[in-house]
Amino acid sequence: MQAALRPQSSESPAPATAEPFFPPQLLARLDKNGPRYTSYPTADRYHGSFGEQDYRLALQQRRATSPAEPLSLYVHIPFCESVCYYCACNKVVTRHHDRAARYLDALSSEIALHVQELGPGVPVSQLHFGGGTPTFLSNEELARLMGDLRGAFRFEPDAEISVEVDPRTATPERLAFLQQLGFNRLSFGVQDFDERVQVAVHRVQSYEDVAALMHSARALGYASVNVDLIYGLPLQTTESFARTIEQVISLRPDRIALYAYAHLPERFKPQRRIQEADLPDRATRVGLLSSAIQGFLGQGYTYIGMDHFALNTDALAIAKQRGELHRNFQGYSTQPDRDLVALGVSAIGRIGDTYSQNAKILDEYYAAIESGKFAVERGLALSPDDLVRREVIMDIMCQGRVDFARIEAKHGLQFGDYFSRELSQVASLAELGLVNLHLGELRVTGLGWYFVRAVAMAFDKYLRSAIPTATYSRII
């Protein structure tokens, strides 16, 4: 295990320069699984009783009450040419690129269904293409899809338009074309630069190739470039991952997402090709995370929270400083809390006080869309209790602070009475140094920011149910 280091002052909820401090006794206490809280309630709580008609009603209500409010859009492209063994995303592995034609037809129809309910020209402030591999689509297919979206919605001049890029197949010419389509943000899936690790997870790409793409992105003037990394992969060592961290720092991405690998082979078939004996043990995982945090914080990056880092000059780091962070299904964001229209197979969206998810199986998605219906398979209409807990949890996850009086005034409750059980649990976290409880306020400490999921979990009513938490990733 990495040697313990001195934490930042407990009065600050958002350490930007402190090195991590992982006391062994704290790790032993918090060595558990927990939600990532890209939503609350979390997606495993959605149910089939919420369906297509409920989603239509939510869209209609939005049109009636807030038609001019900007939307966020998410488009899921499920296709990949090859499988990465660690992957837990909804994907279709194929080398037959002609399979994209029917999918694009379905997306066009799904977009049109939304225009029918929302009206034409609803403003959009954020668009993200995820997958799968969005760059599986050809230039012509990407142009067609962007044309459909621009024809249906009105993109704001400063809209964030981002796409996930596979460095193994992208070229500088492809990056230039994406920019012509309006994309201004890129995310490169790197995971690890060590060749042994890459072979073990079936994703081989050289540092030199990624560096060339980064150079091209800079030359083209992309507003932000993100790099995704994963710790806890097979054959990773603290030494090998430290080299990867050094290489990533040398590329100077604006943002870095550092995810913990969740090994769930019973749920995700490709993970069965990973040998459990090759996975790092808990002490090594902690060392991987610790060295990464130290490396990034020592080179001008701010620890945003959980998985995210950003250069101190990046808008995400500035939003963190100002207490203006938000969180959605893509992670931390500078965007205000927007409704999210999600398009494509398995995509998850939010409209008003509802969440919805499309069918996860491609044929079922096609059957619904081609019959003129939304493909919503399950979802959730939030109760008043869900709404107040969502606000508290997002305050913890994004600002590291809960103002009891603000929650009381907004929701008409007495915080201490309503959350008496939760505050008792939080008191034990205070004893561990993770939070400070002052009169009328909960504040996450510098140490606690690294365990912020554990703090948020204290307010998650659904974790009291019999549903196991083993489906979540490890907190550390």
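Computed over heavy atoms, backbone and side chain alike; hydrogens, waters and symmetry mates excluded.
Looking at Tyr261 and Leu279, their side chains come closer than 4.5 Å, going by heavy atoms from C-beta outward. Counting heavy atoms from C-beta outward, Arg327 and Arg36 have side chains that approach closer than 4.5 Å. The shortest side-chain heavy-atom distance between Pro265 and Ile274 does not fall under the 4.5 Å cut-off. When side chains are defined from C-beta on, Leu447 counts as touching Leu434, because their heavy atoms get closer than 4.5 Å. With contacts defined as side-chain heavy-atom distances shorter than 4.5 Å, the pair Glu69/Arg62 qualifies. Looking only at side-chain heavy atoms (C-beta outward), Arg203 and Cys87 stay at 4.5 Å or farther from each other. Using a 4.5 Å heavy-atom cutoff, the side chains of Leu251 and Val190 are not in contact.
Checked options Lys410, Arg401, Arg406; the residue passing with Asp395 is Arg406 (criterion: salt bridge (Lys or Arg N to Asp or Glu O under 4.0 Å)). Put simply, the residue from His128, Gln126, Arg185 that forms a side chain to side chain donor-acceptor pair (under 3.5 Å) with Ser162 is His128.
For Tyr301 and Phe309, the gap between ring centers reaches or exceeds 6.0 Å. Aromatic rings from Phe129 and Phe183 are positioned such that their centres are separated by under 6.0 Å. For His263 and Tyr85, the distance between ring centers is not under 6.0 angstrom. Ring-centre distance between Tyr365 and Tyr103: below the 6.0 Å cut-off. When ring centroids are compared, Tyr355 and Phe50 stay outside the 6.0 Å threshold.
Residue Asn184 comes nearest to Ala159 through the heavy atom pair ND2-O, 2.9 Å, listed as atom of the first residue, atom of the second, then distance.
Counting only residues at least two apart or on different chains, the salt bridge (Lys or Arg N to Asp or Glu O under 4.0 Å) pairs with a member in residues 109-128 are Arg56-Glu117.
In terms of modelled atom types and a separation under 3.5 Å, the side chain of Asp54 and the main chain of Gly51 share a donor-acceptor contact. Put simply, the side chain of Gln236 gets close to the backbone of Gly232: a donor and an acceptor are under 3.5 Å apart. With hydrogens and angles ignored, the 3.5 Å screen pairs a side-chain donor or acceptor of Tyr222 with a backbone N or O of Gln179. A donor-acceptor pair under 3.5 Å links the side-chain atoms of Thr445 to the main chain of Gly433, judged by distance alone. Counting only distance, with no hydrogens or angles, the side chain of Gln271 and the backbone of Leu264 share a donor-acceptor pair below 3.5 Å. Distance alone, capped at 3.5 Å, places no donor-acceptor pair between the Tyr462 side chain and the Tyr40 backbone. For the pair Asn358 (side chain) and Val345 (backbone), a donor-acceptor distance under 3.5 Å is absent. Looking at Gln299, its side chain never comes within 3.5 Å of a backbone N or O of Arg252 through a donor-acceptor pair.
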Steps toward side chain to side chain contact (heavy atoms under 4.5 Å, CB included) verdict (Leu429, Phe451): CA-CA 10 Å; Leu429 299 177; Phe451 299 91; over 6 Å; no
Would Asp192 and Tyr86 satisfy side chain to side chain contact (heavy atoms under 4.5 Å, CB included), going step by step from the backbone distance to the final call? CA-CA 12 Å; Asp192 195 305; Tyr86 58 80; over 6 Å; no
Would you check, one step at a time, whether the test salt bridge (Lys or Arg N to Asp or Glu O under 4.0 Å) holds for Arg218 with Asp254? CA-CA 11 Å; Arg218 297 295 186 209; Asp254 301 279; 2.8 Å; yes
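Rounded to the nearest 0.5 angstrom, Thr334 OG1 and Leu316 CG are separated by 6.5 Å.
Both the sub-6.0 Å distance and the 45° axial angle are satisfied by Arg150 relative to the ring of Phe155.
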